[in-house]
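Structure first, then comments.
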Amino acid sequence: GIEPLAAQSLEQAWMSPVTADYYALEQPARPKRIRIPSLDVKTKVISVGLDKANAVDVPSDISKVGWYEYGVAPGSRQGSAVLVAHRDGSAQQGEGVFYDLGLLELGDKVVVVDADGNKMRYKVVAREVLDKSAFGKNAPTLFSLYGRHRLTLISCGGLYDPANGGYQANVIVTAVPAP
């Protein structure tokens with residue numbers, strides 16, 4: 001498995017007091033593109049919401065990244081901007097855009113460009129594999145509108161068990177604004 005890169009849990013690392021109501025803050029434009037140089041990822045970002053099971057809807061195109069539009073946008077002053085994408089698709093589709101997400105290292109760069117052309121640079125500070133059974137209880141932290149601003153990248157990972165619905169875990173990478 002993949003070992004966490006940070007000694008702290010995501011909750012310890014990112015939960016901090018909130019000084020202003022999220023909705024009162026001016027929001028940045030929606031993200032349009034993402035680049036992760038160390039993984040050779042450069043693709044479009046599309047808005048996604050929830051599916052019929054109230055889970056985050058992942059883009060059907062495995063070459064695209066989805067931004068969870070009910071959360072904060074990259075470049076916000078606080079909260080977790082969540083980007084999701086497939087690890088892989090069918091045998092015909094092959095590897096998804098986040099196939100190698102679990103290979104990101106501390107300090108790796110992630111660049112997001114918004115609809116206004118603003119470039120937001122982030123650096124990776126944590127990587128972990130979270131069992132799907134634990135995802136629900138961690139969702140309030142992963143999708144938080146509050147706390148220090150961060151980028152949360154999520155894809156499938158862990159053991160692939162077709163009899164139990166596919167991948168049994170999620171790879172979660174956390175990045176913070178880079179100077």
Side-chain angles (χ1 to χ4, degrees), residues 2-36 45-59 64-85 98 101-102 104-157 169-179:
I2 297 170
E3 295 301 315
L5 290 178
Q8 300 172 303
S9 73
L10 289 179
E11 188 166 6
Q12 290 169 325
W14 308 121
M15 297 311 286
S16 63
V18 176
T19 57
D21 182 58
Y22 165 75
Y23 292 104
L25 299 174
E26 185 179 325
Q27 298 305 309
R30 70 176 212 79
K32 293 286 279 188
R33 295 190 314 277
I34 184 172
R35 188 167 52 87
I36 308 173
V45 176
I46 62 171
S47 298
V48 296
L50 297 170
D51 64 16
K52 291 176 186 170
N54 274 337
V56 175
D57 203 10
V58 181
K64 303 280 188 296
V65 171
W67 164 59
Y68 181 64
E69 67 183 347
Y70 301 122
V72 304
S76 292
R77 295 183 193 161
Q78 65 187 41
S80 174
V82 178
L83 298 177
V84 297
F98 276 0
L101 189 66
L104 281 174
E105 299 285 346
L106 278 177
D108 280 352
K109 303 293 182 238
V110 179
V111 179
V112 178
V113 179
D114 72 15
D116 292 337
N118 299 308
K119 274 188 189 176
M120 290 145 293
R121 292 172 174 81
Y122 294 85
K123 68 176 178 176
V124 172
V125 294
R127 176 192 69 203
E128 65 182 315
V129 174
L130 188 62
D131 198 71
K132 289 215 187 241
S133 63
F135 193 87
K137 84 173 177 186
N138 285 276
T141 301
L142 298 173
F143 292 84
S144 179
L145 301 178
Y146 304 107
R148 185 176 171 192
H149 178 61
R150 66 255 183 219
L151 191 65
T152 303
L153 308 174
I154 303 174
S155 191
C156 289
N170 289 101
V171 174
I172 299 168
V173 172
T174 305
V176 296

Checklist line | Residue pair Trp67 / Pro74: nearest heavy atoms and the distance that separates them | finding: NE1-CD, 3.9 Å
Notebook entry, point to check: Leu151 versus Val110: any side-chain heavy-atom pair under 4.5 Å?
Noted result: yes
Checklist line | Step-by-step side-chain contact (heavy atoms from CB on, under 4.5 Å) determination, Glu105 to Arg127 | finding: CA-CA 8 Å; Glu105 299 285 346; Arg127 176 192 69 203; 4.2 Å; yes
Check: What is the minimum heavy-atom distance between Gly49 and Tyr70, and which atoms define it?
Finding: CA-CE1, 3.5 Å
Notebook entry, point to check: Do the side chains of Val48 and Val56 get nearer than 4.5 Å, heavy atoms only?
Noted result: yes
Next item on the list: Of all the heavy-atom pairs spanning Leu130 and Leu142, show the shortest one and how long it is.
Entry: CD2-CD1, 4.3 Å
Note to self: Rounded at 0.5 Å granularity, tell me how far OG1 in Thr174 sits from NZ in Lys123.
What the structure shows: 13.5 Å
Notebook entry, point to check: In Å, rounded to the nearest 0.5 Å, how long is the span from CG of Asn138 to CZ of Phe143?
Noted result: 11.0 Å
Item checked: Minimum-distance pair of heavy atoms, taken over all atoms of Asn170 and Lys132 -> ND2-NZ, 3.5 Å
Next item on the list: Apply side-chain contact (heavy atoms from CB on, under 4.5 Å) to Tyr122 and Ile34, showing your working.
Entry: CA-CA 11 Å; Tyr122 294 85; Ile34 184 172; over 6 Å; no
Note to self: Before you tell me yes or no, could you show the steps for Val112 and Met120 under side-chain contact (heavy atoms from CB on, under 4.5 Å), namely the whole-Å CA-CA distance, both residues' side-chain angles and the distance that decides it to 0.1 Å?
What the structure shows: CA-CA 5 Å; Val112 178; Met120 290 145 293; 4.2 Å; yes
Notebook entry, point to check: Got Ile154 and Phe135 here, is their nearest side-chain heavy-atom distance under 4.5 Å?
Noted result: yes
Margin query: Quick one: does any side-chain atom of Ser144 pair with a main-chain N or O of Tyr146 as donor and acceptor, under 3.5 Å?
Written below: yes
Check: Taking everything shown except Arg30 itself, do over 12 heavy atoms lie less than 6.0 Å from its CZ?
Finding: yes
Check: For Lys64, does the NZ atom have more than 12 heavy-atom neighbours from other residues, nucleotides or ligands under 6.0 Å away?
Finding: yes
Check: Is a side-chain donor or acceptor of Asp116 paired with a backbone partner of Asn118 at a separation under 3.5 angstrom?
Finding: no
Next item on the list: Would you name the heavy atoms of Val176 and Arg150 that are closest together and state the gap between them?
Entry: CG1-CB, 4.4 Å
Check: Do you know which two heavy atoms are closest between Gly75 and His149, and how far apart they sit?
Finding: N-NE2, 3.2 Å
